[in-house]
Amino acid sequence: MIPHVLNVVLFLPLIGAAAVMLARRSDSAARWTGVVFSLLTFVLSLELFFGYDANNPAMQFVEKVSWIPALNVSYHVGLDGISMLLVVLTTFITPIVLISSWSSITKNVPLYIAMMLILETAMIGVFSSLDIFLFYVFWEMILIPMYFIIGIWGGKNRIYATVKFFIYTMVGSLLMLIAIIWLGYYASTMPGGEFTTDITMLFDIAPTIPLGIQGWMFAAFALSFLIKVPAFPLHTWLPDAHVEAPTGGSVILAGVLLKMGTYGLIRFNLQLFPQASLEFASFLSVLGVVGIIYGALVSMVQKDVKKLVAYSSVSHMGFILLGLFGVTVTGLQGGLIQMVNHGLSTGALFLIVGMIYDRRHTRMIEEFGGLARQIPIFATFFMIVTLSSIGLPGLNGFVGEFLILLGSFQSDVLGSPWYVVFAASGVVFAAVYMLWMYQRVVFGVSRNPENEKLSDLSIREIGLLLPVVLFIVWIGVYPSTFLDKTESSVQRVVEKLEKVQRGEYLTTSVSEQ
Amino acid sequence: MHQYVGLIVLFPLIGLLINGLLGWKIKNEKVIGSIGSGAVGLSFALAVAIFIDMLGAAPEQRSHVVELFTWIAAGSFKVSAAYQVDQLSVLMTLVVTGVGFLIHVYSIGYMHGDRSFARFFTYLNLFIFAMLNLVLADNYVLMFLGWEGVGLCSYLLIGFWYQKKFEGVTITWTGDAGNKAFWVNRIGDFAFMLGMFLIFKEFGTLTFNEVMGQADTMAVGNSTVFWITLLLFIGATGKSAQIPLFIWLPDAMAGPTPVSALIHAATMVTAGVYMVARNSALYALAPDTMMVVAIVGAVTAIMAASIGIAQNDIKKVLAYSTVSQLGYMFLALGVGAFTAGIFHVMTHAFFKACLFLGSGSVIHAMHEEQDIRHMGGLKKVMPYTYWTFLISSFAIAGFPPLSGFFSKDEILWKSFADGSPILWFIGAAAALMTAFYMFRMVTLTFEGKPRWADDKHPHESPPSMTIPLIALAALAVVGGFVGVPAVLGGGNAIHQWLHPVFAQAEKTMALPEHHAHTTEYILMAISVAIGVTGWWVGRRMFLKDPNADERIAAKTGFLYRLLARKYFVDEAYDAAVVRPVVKTSDSFLFRFFDVRIIDGIVNGAGALAGWTSRTLRVIQTGVVQNYAALIVVGLVIVLGLIIL
């Protein structure tokens, strides 16, 4: 047991960032420092995974220190199964990202490493905050390193992309801020209540808010999170951000940042506003389903591999959205594992795209062909990750998609099989856009003599992909390792909504008022 | 013995891991081939042992479930990696591993010298692994793992020679053909998945035994069961190449020939038949679905057989023949003759695998020539290939007492007795075509004068290839004796063996017993007559004139073109589905909606903010007089408003 392990995991990357910036010795020293700090963070975070008691639905590893007494704001962090899984995903992906940039980032290396480490702290903070004000601080903190990562180390059109990313996100978060203040104020209007931003307290207070107001607050939070997911039709920042971002930025964006949106929807929308959630469930599920099909179809016609993968994210995240708002344990569990799956598969796809870009300085599908002959190891990894992405049973993607679809099909909240009928068609489209792209890039014969000079993956690159593939198979074959950790927390979320649906929850709370 | 079933699945997994991870280092073809074949051989041996063990047990004690571990569990849903060992799954396991083993051995010779030898055996073992999961699974989800797994292997193996071109509608590379197979199968899988969701909603479980147990008390004609069975059947039309999803199988011939034999003839494509048979208790509750199954099967049988008449690629003929034979199997299932369907799965595995491997032997000898118009006279140079091919052709044409006679005849008899005379007639007509196109092919390939170029020196294949041919031909001869019907004084062993599996379905369907033996004899005689006629006409016509096709084509004009071009189904799908979807996605969804509308609004909002600021900037001149003037104007307006 490590005392205050969550604090350590949360701030170790930040200390790492400071170390990198203060030392500023050489590029390679900066790289090594970054890798050591991020790996250490990962190792320590294993304590969070193995130390987490799956039978205890309460928040664990809790730390609470008063921060701004005037507003009743405190530094309050802790994890349940849902956030624990995402924290570990973050600590797993970050070292991979840092190692992936080993030779592709040559400009201003210490700053890049520091930005990544700051980002890691911010992401872990988002997932572990139990104070909504603290959450907001971390949420906004994400923007700064991400803005620079795209803006400094990005491609040709990076400024447009990074500003678009920034403003899109800001629009959402400003409304969220208003809702946060409103929420705290509402708490103070309760008999004996006071202004609070403590999530654990708001869990009990917020559901009693009259539906009219709850709906507005729900919408304010949801908008912010839906932009982050990104849900159709708020997704157009994503392809630009991905295409312009350096490989590491794309991996972290797809791997973790998008999950902040779906995490927020669970933690805040579902848990704080159960009644509004039920009202909006169908609407958000429709957005999810439209996203699945729309993302897939638009992905199909892309000419740039990276843009194709970016649009495929819209499709995959649509599945998660559907899983959340079907409001069943099965669907939510599926949504949660699918967040991890998408992080692994799409993260790996961006790594792979980066590897080929490093070699050829192009990502256009038409430039390739016949790579299986030149670089078979690359082709093999690419195949496995592609199959994971299209949800082949035995690999991770299937477990998530299957549970989501199965859960939503049973959902009383949605109450119609048509959501799933349309959503499941995404499984067909996924095979179309991924395998078509794979065929044109890897099979056939080379369409450019440059391809014949390519070198296969280096040991470093294999080392990056191997752990990801390990988990792709692991989750596909034995997902219980992860599903068991989150089941009770998910159950708690769903039970509350079911109570509200049966009309039990509200009546007791109102009578207490 | 049944508790060791996990090992049957494990051996191919070990084989594929060894060859997949270390194949590049082993390099030696003999070692790689032995590992791959040996793994499947071990599985076969164990399957035989389990089978013998089961023979010793009482019929009602032959079904066991062996649970390995919980696979996926969330909420009320739980599904295990668990295998069901019963009469049906053991029979399928024997066919898969037995025929699979022979084809593995054959591949050692066929793939000799290929630069991706190890990759080939890795995929083959992966296929056996997936196929065994498919047939042994005790629940739908694990079956689906096998189901999609075999589809993956099919995809990987069709595109195995990914640098080779392949001709087809919208197909340029072998990989395109692989994609087509995967996509079309995915459409079927989409329906299969919906079927599973509906089953879970209705039954609260996805385990076969539990579902069938509950189905026992359900009424015939239950509408949910109708949808379930129909959705599952759509899944089967994908995997087993039935109308409307049969289009991928002929293009799957882009793969190496052992693959066509193993996956696209003997085993994978029969998965749909197996799946329906596994769900016989549900199908029995849905007579409407049964009718759909029977009609689709019959129509597919005759449609594919008619296309087979006009093909010149030896593998394409066999491919359409397979589609057609699969149609027979579904016809059997549709009229409730589940045993007959499975019986035909088995005999078809023998003779069709033999035919495909024989065609591979020919292609090998002819240096990749596949057009039967450029063959002829091969029987002298490759006697083993010829004789085994001929025997299997007689078997598929339904000559007694070869295996195909018994299984096909039973299907035709049941479709007459329990279905309708129309179904029988369609089946019989397709049988005539079958005999015809088979002997057209045999004659053009092996008989007459050689029509190949002088620089080709065809030769008999090595023993690693001919021995499997002989073994399969022997099975094609004797395989039918397990199903000799009572009217011919047979014990119909396969019926008795499978009876417990289909007992529930048979009880539900309550089909009448047939005692009118006269009819059965008459129909049997007609079957034989049909086979003989097809053989005689096909052989004579093409022996006399190898170019008889051209005469027929000239005479029948469009009709012949219709057959030769496969009824233009590929073209129709391309025009009606593929092109519109791609075009809409590109020009409307992406270029118009995403770029113009959504981003138009986003960028428009940005531009608006910029424009507003620039406009307001005009009055921020920094000149005090201007500000003073504006203050006066404002004052006047405000005062004016107050006064008025």
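Here is the naming used below: chain letters follow the sequence lines, and residue numbers restart at 1 for every chain.
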| task | Pick one of side chain, backbone, both or neither for Arg119(B), based on which atoms fall under 4.5 Å of a heavy atom in chain A. | result | neither
| request: Give the member of Leu234(A), Thr486(A), Val427(A) that has the highest number of heavy-atom pairs under 4.5 Å with chain B. | output: Val427(A)
| request: Please determine, among Gly334(A), Ser299(A), Pro393(A), Gly370(A), the option with the most heavy-atom pairs under 4.5 Å with chain B. | output: Pro393(A)
| Hey, does Asp240(A) have a side-chain heavy atom less than 4.5 Å from the side chain of Asp599(B)? | yes
| query | Is chain B contacted by the side chain of Leu403(A), its backbone, both, or neither, given a heavy-atom distance below 4.5 Å? | reply | side chain
| task | To the nearest 0.5 angstrom, please state how far the CG atom of Asp586(B) sits from the NZ atom of Lys303(A). | result | 5.5 Å
| Is it the backbone or the side chain of Trp237(A) that comes under 4.5 Å from a heavy atom of chain B, or both, or neither? | neither
| request: Find the distance between CG (Leu395(A)) and CG (Leu145(B)) and round it off to the nearest 0.5 Å. | output: 9.0 Å
| task | List the atom of Phe200(B), the atom of Gln410(A), and the distance in Å for their closest heavy-atom pair. | result | CD2-NE2, 3.3 Å
| request: Against chain B, label Asp484(A) side chain, backbone, both or neither, depending on which of its atoms sit under 4.5 Å from a heavy atom there. | output: neither
| said: Determine whether Phe160(B) and Phe443(A) satisfy the following criterion, ring-ring contact (aromatic ring centres under 6.0 Å, His included), listing intermediate values before the conclusion. | reply: CA-CA 9 Å; Phe160(B) 183 77; Phe443(A) 291 152; over 10 Å; no
| query | Around atom CD of Glu452(A), are there more than 12 heavy atoms of other residues, nucleotides or ligands at under 6.0 Å? | reply | yes
| message | Please classify the contact between Phe182(B) and chain A as side chain, backbone, both or neither, with a heavy-atom cut-off of under 4.5 Å. | response | side chain
| message | For Phe402(A), which atoms come within 4.5 Å of any heavy atom of chain B: side chain, backbone, both, or neither? | response | both
| query | Looking at Trp147(B), Phe77(B), Phe69(B), which has the largest count of heavy-atom pairs under 4.5 Å with chain A? | reply | Phe77(B)
| field | Under 4.5 Å from any heavy atom of chain B - which part of Gln302(A) | value | side chain
| Non-hydrogen atoms of chain A under 4.5 Å away: do they reach the side chain of Asn603(B), the backbone, both or neither? | side chain
| Under 4.5 Å from any heavy atom of chain A - which part of Asp594(B) | both
| said: Shorter than 4.5 Å, heavy atoms on both sides: which option in Val490(A), Leu435(A), Val399(A) has the most such pairs with chain B? | reply: Leu435(A)
| Which atoms of Leu406(A) approach chain B - backbone, side chain, both or neither, heavy atom under 4.5 Å | both
| message | Do Ile598(B) and His235(A) make a side-chain contact, defined as non-hydrogen atoms from C-beta onward lying under 4.5 Å apart? | response | yes
| message | Less than 4.5 Å to any heavy atom of chain A: does that hold for the side chain of Leu206(B), its backbone, both, or neither? | response | side chain
| query | Closest approach of Ala74(B) and Thr330(A), non-hydrogen atoms and distance? | reply | O-OG1, 3.4 Å
| remark: From the list Thr328(A), Ile337(A), Leu297(A), the residue making the most non-hydrogen contacts under 4.5 Å with chain B is Leu297(A)
| message | On a heavy-atom basis, which atom in Leu589(B) and which in Tyr294(A) lie closest, and how many Å separate them? | response | O-OH, 3.3 Å
| query | For Val595(B), is it the side chain, the backbone, both or neither that has a heavy atom under 4.5 Å from a heavy atom of chain A? | reply | neither
| message | Between Gln163(B), Met196(B), Glu148(B), who has the most heavy-atom pairs with chain A when the cutoff is under 4.5 Å? | response | Gln163(B)
| Side chain, backbone, both or neither: which part of Val582(B) has an atom under 4.5 Å from a heavy atom of chain A? | both
| Atom group of Leu198(B) that falls short of 4.5 Å from chain A, counting heavy atoms | both
| task | Measure from the side-chain N and O atoms of Trp71(B) to the backbone N and O of Pro479(A), and report whether any donor-acceptor pair falls under 3.5 Å. | result | no
| request: For atom CZ of Arg447(A), decide whether the heavy atoms of other residues, nucleotides or ligands shown that lie under 6.0 angstrom number more than 12. | output: yes
| query | Taking everything shown except Lys201(B) itself, do over 12 heavy atoms lie less than 6.0 Å from its NZ? | reply | yes
| task | Say whether, by atom type as modelled, one donor and one acceptor occur between the side chain of Tyr162(B) and the main chain of Arg373(A) under 3.5 angstrom. | result | yes
| request: Would you mind checking which part of Ile390(A) comes under 4.5 Å of any heavy atom in chain B, side chain (CB onward), backbone (N, CA, C, O), both or neither? | output: both
| note | Scanning both residues in full, the closest heavy-atom pair of Met383(A) with Leu156(B) reads SD-CD2, 3.8 Å
| task | Tell me, out of Ile167(A), Val329(A), Val477(A), who's got the most heavy-atom pairs with chain B below 4.5 Å. | result | Val477(A)
| remark: To the nearest 0.5 Å, atom CZ of Phe429(A) lies from atom OG of Ser585(B) at 7.5 Å
| request: Answer yes or no: are there more than 12 heavy-atom neighbours, outside Tyr573(B) itself, under 6.0 Å from its atom OH? | output: yes
| query | Shortest non-hydrogen contact from Gly75(B) to Glu487(A)? | reply | N-OE2, 3.0 Å
| task | Heavy-atom distances under 4.5 Å only: say whether Phe593(B) touches chain A with side chain, backbone, both or neither. | result | both
| Interface residues of residues 187-195 of chain B facing chain A - non-hydrogen atoms under 4.5 Å apart | Ile187(B), Phe190(B), Met193(B), Leu194(B)
| remark: All heavy atoms of Gln439(A) vs all of Gly175(B), minimum pair found to be OE1-CA, 3.0 Å
| Atom OG in Ser425(A), atom CZ in Arg186(B): separation rounded to 0.5 Å? | 12.0 Å
| Proximal component of Val163(A), with respect to chain B [non-hydrogen, under 4.5 Å] | neither
| said: Taking side chain as everything from C-beta outward and backbone as N, CA, C, O, which of these in Leu405(A) sits under 4.5 Å from a heavy atom of chain B? Side chain, backbone, both or neither. | reply: both
| What part of Leu152(B) gets closer than 4.5 Å to chain A, counting heavy atoms only: side chain, backbone, both or neither? | side chain
| query | Which of the residues Ala372(A), Gly476(A), Gly394(A) is involved in the greatest number of heavy-atom pairs with chain B at under 4.5 angstrom? | reply | Ala372(A)
| message | What's the separation between atom CG in Asp176(B) and atom CH2 in Trp436(A), rounded to the nearest 0.5 Å? | response | 10.0 Å
